[in-house]
Enquirer: 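Take a look at this one; I'll ask things after.
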Amino acid sequence: MIEAQPTGRDAEALAAWLFAWQHHWPQSFAAALADDATAVVEWAGRHIVDANRYLKLRRIALENLAQLL
């Protein structure tokens, strides 16, 4: 799962990044996280606080992920 247990803005940014990865590259997400994928998604869901900020962070995450995956 999420070992470092980030909080606040760090947790919200990581959650947006995880959701972007899961939504746009689901096979890669599932393969990388295997049995932990469900728990990671649940963790991410608990750390989205502001919907507008989430959308902004997700767009940034998509740009970065597109270069990596």
Enquirer: With rounding to the nearest 0.5 angstrom, report the CD to CZ distance, Glu42 to Arg46.
Expert: 6.5 Å
Enquirer: Donor-acceptor pairs are to be reported for all side-chain atoms of residues 9-21 against protein atoms at under 3.5 Å, with residues two or more places apart or in another chain.
Expert:
| from | atom 1 | to | atom 2 | distance (Å) |
| --- | --- | --- | --- | --- |
| Glu12 | OE1 | Arg53 | NE | 3.3 |
| Glu12 | OE2 | Asp50 | N | 3.3 |
| Trp21 | NE1 | Ser28 | OG | 3.2 |

Enquirer: Could you state the interatomic distance from CH2 (Trp43) to CD (Gln5), rounded to the nearest 0.5 Å?
Expert: 7.5 Å
Enquirer: Same hydrophobic cluster for Ile48 and Leu62, using side-chain heavy-atom links shorter than 4.5 Å among ILVMFWY?
Expert: yes
Enquirer: Are Leu65 and His24 packed together at the side-chain level, in the sense that at least one heavy-atom pair is separated by less than 4.5 angstrom?
Expert: no
Enquirer: Are Val49 and Val41 grouped together when hydrophobic residues (ILVMFWY) are joined by side-chain heavy atoms under 4.5 angstrom apart?
Expert: no
